[in-house]
Amino acid sequence: MRTVALTVSGLAALLLLAGCGDEQALTPRPGRHLPVKAATAPGVLNADELLLPSAHERPGRSDELLIKSQPRPDDRFDLPPR
């Protein structure tokens, strides 16, 4: 009985996993529309453009390299734990 339950749960997991690879174009639900154009936007954005992160959501990386090692100055607030 236990092996049957494990087999059924394994098949259910495989079916759920098989549905994860389905890719379709994004479209609004029937009866719904995409958001209206913002006042400062150059045009109406489609679903793919709405999913792209802006510069504020994904800032650029700072690649400041450490050129040479320098000793850290004393920090009077760096106290040992009590």
Side-chain angles (χ1 to χ4, degrees):
M1 186 67 171
R2 185 173 182 184
T3 56
V4 172
L6 288 175
T7 305
V8 170
S9 64
L11 287 175
L14 285 175
L15 284 173
L16 288 173
L17 187 61
C20 292
D22 188 23
E23 291 185 20
Q24 297 176 357
L26 294 175
T27 56
R29 290 183 180 175
R32 299 281 186 137
H33 302 287
L34 288 174
V36 296
K37 179 180 106 46
T40 57
V44 179
L45 301 176
N46 63 22
D48 292 328
E49 292 169 338
L50 287 170
L51 290 175
L52 293 175
S54 67
H56 296 289
E57 296 166 345
R58 193 169 185 179
R61 183 176 162 196
S62 173
D63 290 331
E64 184 178 327
L65 299 175
L66 181 62
I67 297 173
K68 61 181 181 178
S69 296
Q70 298 173 348
R72 296 177 74 178
D74 288 337
D75 184 5
R76 64 184 182 140
F77 295 107
D78 187 18
L79 302 174
R82 288 185 173 191

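Here, residue 1 is the first one in the sequence, and each next residue gets the next number.
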Heavy-atom pair of closest approach, residues Lys37 and Val44: CB-CG2, 3.8 Å

Going from CG on Leu51 to CG on Asn46, what distance comes out if it is rounded to the nearest 0.5 angstrom? 9.0 Å

Does Leu50 have any side chain to side chain contact (heavy atoms under 4.5 Å, CB included) partners at least two apart in sequence or in another chain, and if so, which? Leu34, Pro35, Leu45

Who pairs with Pro53 by side chain to side chain contact (heavy atoms under 4.5 Å, CB included), at least two apart in sequence or on another chain? Glu57, Arg58

The side chain to side chain contact (heavy atoms under 4.5 Å, CB included) partners of Asp75 (sequence neighbours excluded) come to Phe77, Asp78

